[in-house]
4 protein chains.
Amino acid sequence: MRKLDPIKHEGKRQEIIAAAMRCFIRDGFRGASTSDICAESRISPGNLYHYFESKEAILKTAGEVALAAAAFRFRRILEGPDVISALISEIEQAKSRIERGGRLLLLDIFAESGRNPAIAQILHEASRTIIGLIAEFVRRGQAQGKVNKDLDPDVTASVLLGIADGARLMSMREPKLDTAKSLEYLKLVVIRFLTP
Amino acid sequence: MRKLDPIKHEGKRQEIIAAAMRCFIRDGFRGASTSDICAESRISPGNLYHYFESKEAILKTAGEVALAAAAFRFRRILEGPDVISALISEIEQAKSRIERGGRLLLLDIFAESGRNPAIAQILHEASRTIIGLIAEFVRRGQAQGKVNKDLDPDVTASVLLGIADGARLMSMREPKLDTAKSLEYLKLVVIRFLTP
Amino acid sequence: MRKLDPIKHEGKRQEIIAAAMRCFIRDGFRGASTSDICAESRISPGNLYHYFESKEAILKTAGEVALAAAAFRFRRILEGPDVISALISEIEQAKSRIERGGRLLLLDIFAESGRNPAIAQILHEASRTIIGLIAEFVRRGQAQGKVNKDLDPDVTASVLLGIADGARLMSMREPKLDTAKSLEYLKLVVIRFLTP
Amino acid sequence: MRKLDPIKHEGKRQEIIAAAMRCFIRDGFRGASTSDICAESRISPGNLYHYFESKEAILKTAGEVALAAAAFRFRRILEGPDVISALISEIEQAKSRIERGGRLLLLDIFAESGRNPAIAQILHEASRTIIGLIAEFVRRGQAQGKVNKDLDPDVTASVLLGIADGARLMSMREPKLDTAKSLEYLKLVVIRFLTP
DNA sequence: CATGAATGAGCTTTCATTCAT
DNA sequence: CATGAATGAAAGCTCATTCAT
């Protein structure tokens, strides 16, 4: 597993992970087979193991990438000046067509983390990062006087993330849901929760 | 699949489903094998197929049962006089130790429903039932003047269910979360959302 | 792995072991594959695992059977009245055409036992049995005055078994060896060792 | 397989063989993989094939080296003045801790030679060499009047080598064997066999 | 010479399912 | 109804070997 050209090696690893994520979205963490991943990334079964030492390792890495992507999205969104509309826009994006794959992957991560400690740990770490970002945001809002100063930033962040996660599930429960209206209500929920 | 004694037959079916659910909780929808289910319900593999025509059928039935149980729980909870504290108590229970299995199963159902239309349909139907119950509750609250009359009961119910689902995920993201405090905040979220 | 008809089940197990031993003789313990064994015993790969829980288990059982057969042969041979010629006839048989398979298997057992503790233990137990038989024989010879009474029966038995094992290797080292003459010499070795 | 610097090339070949022998002792002829050998000799898989054209060739060469080492040991031992004690000391060494690896390798060679003609031939040639050495020794003993002149030196040598091989197997059959006593008995066997 | 990437057949084992009794 | 035998495809993974650089 040493590499002559580490950059090329890392590039191929990422290609494989991208292919694997497509497979996982299509068939699930457990439903996708290593040979599916090989076919999707056009490599031989033997070669896969030059890049990952087991399917488990692929799964872990894919989980990390998916969660890192989520954190990255949060970071960008929370850069905006206005707390609440930033949060809402995250929920909004979660409903977009493109995000469907990410949502499925996230669900697999949740389901897997209930039985697979390695995945659970990855989820915990990513969650702590994201909650940290949101908490920071809440603090900023409090400083600006836009957020109720009685709220503990960390717990508030957890609850807000929970609301965002729950919103993601809404469209799985009800595909015909009136998205605009439910978004409006979610906005209301968040605003009423946070405003002083 | 002919049944000599329909009652006995149905009893055995339920025993098998109960065993299957234990397996699914332990190992996941995809991770549990038919022979696990056979071992857990102490029947032979041949006999399993006298009661269910495929693993898929077991999965569907188990999904239905799990969702029916959730709906039943909601029904009981919503029987109480006070809207908000009823909802909160549901969320509270969701955090209890006993509910861990149910939560894992629900996650599997969500993940599975993204790829399996049969499971998706079961989830939709169950969700509609539950949302109907909550909507009815919201309406009652509005009649009592305890709930903001501007809120559409159905959308409100969807959002409340989303919040409850999201709350369930919170403890998977952060096992060390301060449960009491986050519950208190969730109560706040719901109260501020609903009160006129 | 429970059985409806334990006798039939055991019968099939023995058929499989017989087939496996043919494979092991042909290709070695490590060189024979489970699918070779399936082909030789005309069963499907899945079915093999109704009878043995792993290839390792097949290997162990085959080792036990081969060593039990050796012990059985010793027992029969040592039933004769004359100690020394009985021992020699065992060595004689070891050179026969038929015994070639058994010798190869025994070599595999020896080689395997150097790395596989389970096989090592089987070898030790079988050896203790055989040495016990030979020791008993030596004692009888001592009682008859035909064997030197100064010899410790157990150590003597070990050494005699070693000589028999070594004789088996002779024809592997030198396939063109003058069998008759070398047997005569071996007889001489044993006689001179044992006679008072 | 062209060699730029034949001396360096040969040196590397020997390094690889030494590494391969460590692997073979550890895991057996069939159990050791080419990548084990690469790891042990710290070269790349591609490079391995610059020095040996196949695993089979490595196996053959390792077999030759192991047998040459055995012959060398015999040569040194048989240089001593006294026939019998020389032979005994060879058996003695065979029991020593250090020789365990060599014994395992020899067993693998025996087992392999039953199925692999190339290895069989190497074994035959090495055996002929060793037997020649011993036969020469026997002749010397006969000239000295210390060995029975009726014995055919070649057959005697074969039998003596067989006894030495058998002695090596004794400690595999019975790891708890009283080594000192069994050695004493082996000495007795050889002395009584050879003395006029 | 040397590297590590790449191959594809093959390994042991498990799976959902069907069959004979 | 119930059993356990039987199936054969597919799983994850390793192997000896070859290729491109």
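Quick note on labels: first sequence line is chain A, next is B, and so on, each numbered from 1. Side chains included, hydrogens not; waters and symmetry mates left out as well; all remaining heavy atoms used.
- Taking CG from Leu104(B) and CD from Glu112(A), the interatomic distance works out to 11.0 Å, rounded to the nearest 0.5 Å.
- The ring pair (Phe, Tyr, Trp, His ring centres under 6.0 Å) check on Phe24(A) picks up Phe29(A), with sequence neighbours excluded.
- Heavy-atom neighbours of Gln121(C) CD from other residues, nucleotides or ligands within 6.0 Å: at or below the threshold of 12.
- Across the protein-nucleic acid pair, Ile43(C) atom CD1 and dA20(E) atom P stand 18 Å apart, rounded to whole Å.
- The closest donor-acceptor contact from the side chain of Lys60(C) to the backbone of Ile122(C) lies at 3.5 Å or more, if one exists at all.
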Extract all donor-acceptor atom pairs below 3.5 Å that involve side chains of residues 36-44 of chain A and protein atoms in other chains or at least two apart in sequence.
residue  : atom : partner  : partner atom : Å
Asp36(A) : OD1  : Ser33(A) : OG           : 3.4
Asp36(A) : OD2  : Ser33(A) : N            : 3.1
Asp36(A) : OD2  : Ser33(A) : OG           : 3.2
Glu40(A) : OE1  : Arg26(A) : NH2          : 2.7
Glu40(A) : OE2  : Arg22(A) : NH1          : 2.5
Ser41(A) : OG   : Ile37(A) : O            : 2.7
Ser44(A) : OG   : Asn47(A) : N            : 3.4

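- The nearest heavy atom of DNA chain F to Leu48(D) and to Gly46(A) marks one nucleotide each, and the one closer to the 5' end goes with Gly46(A).
- A distance of 10.5 Å separates CD in Gln14(D) from OG1 in Thr61(D), rounded to the nearest 0.5 Å.
- Whole-Å rounding puts the Asp36(B) CG to dC15(E) P distance at 7 Å.
- For the pair Tyr51(D) and dA2(E), the criterion of a side-chain N or O lying under 4.0 Å from OP1 or OP2 is met.
- Taking only side-chain nitrogens and oxygens, His9(A) comes nearer than 4.0 Å to OP1 or OP2 of dA5(E).
- Arg13(B) places a side-chain N or O within donor-acceptor distance of the main-chain N or O of Tyr51(B), the cut-off being under 3.5 Å.
- Between Thr34(C) and dT12(E) there is a side-chain N or O to OP1 or OP2 distance below 4.0 Å.
- The nearest pair of heavy atoms linking Met172(D) to Leu123(C) is O-CD2, 3.8 Å.
- Residues from residues 17-30 of chain D lying near DNA chain F, meaning a heavy-atom separation below 4.0 Å, are absent.
- Each of dT18(E), dG8(E), dT18(F) was ranked by its minimum atom distance to the side chain of Pro45(D); first place goes to dT18(F).
- Here the P atom of nucleotide dT14(F) and the CZ atom of Phe52(A) are 15 Å apart, to the nearest Å.
- For the pair Ser33(C) and dC11(E), the criterion of a side-chain N or O lying under 4.0 Å from OP1 or OP2 is met.
- Judged by distance alone with a 3.5 Å cut-off, a donor-acceptor contact links the side chain of His50(A) to the base of dA6(E).
- Of the possible polar contacts, one joining the Arg100(C) side chain to the Gly114(D) backbone as a donor-acceptor pair under 3.5 Å is found.
- Taking atom CD1 of Ile37(A) as the reference point, atom P of dG12(F) lies 8 Å away to the nearest angstrom.
- Remark: Glu15(B) pairs with no residue by the salt bridge (charged side-chain N to carboxylate O under 4.0 Å, His left out) rule, at least two apart or across chains.
- Residue-level contact check: Lys8(C) touches neither bases nor backbone, having no heavy atom under 4.0 Å from any strand.
- Looking at Arg115(A), its side chain does come within 3.5 Å of a backbone N or O of Ile25(B) through a donor-acceptor pair.
- Computed from coordinates, the Glu15(C) CD to dA6(F) C1' distance equals 14 Å when rounded to whole Å.
- Looking at Arg103(B) and Asp108(B), no side-chain N of the basic residue comes within less than 4.0 Å of a carboxylate O on the acidic one, giving no salt bridge.
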Item to check | For DNA chain E, the dot-bracket pattern of Watson-Crick and G-U pairs whose distances stay under 3.5 Å, | for other-strand partners | outcome: .||||||||||||||||||||

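- The CZ-P distance, from Arg42(D) to dA2(E), rounds to 16 Å in whole Å.
- The shortest distance between the side-chain N/O atoms of Ser35(D) and the OP1/OP2 oxygens of dA16(F) is not below 4.0 Å.
- Within residues 54-62 of chain B, the residues having any heavy atom closer than 4.0 Å to DNA chain E are, in order of number, Ser54(B), Lys55(B).
- Positionally, the nearest nucleotide of DNA chain E for Ser44(D) lies more toward the 5' end than for the other of Ser44(D) and Ala32(C).
- Rounded to whole angstrom, the span from the OH atom of Tyr49(A) across to the P atom of dT7(E) amounts to 15 Å.
- For Lys12(B) and dC1(F), the shortest distance from a side-chain N or O to OP1 or OP2 is not below 4.0 Å.
- Between the NE2 atom in His50(D) and the CD1 atom in Ile16(D) there is a gap of 10.5 Å [rounded to 0.5 Å].
- OP1 or OP2 of dC1(E) has not a single side-chain nitrogen or oxygen of Asn47(D) nearer than 4.0 Å.
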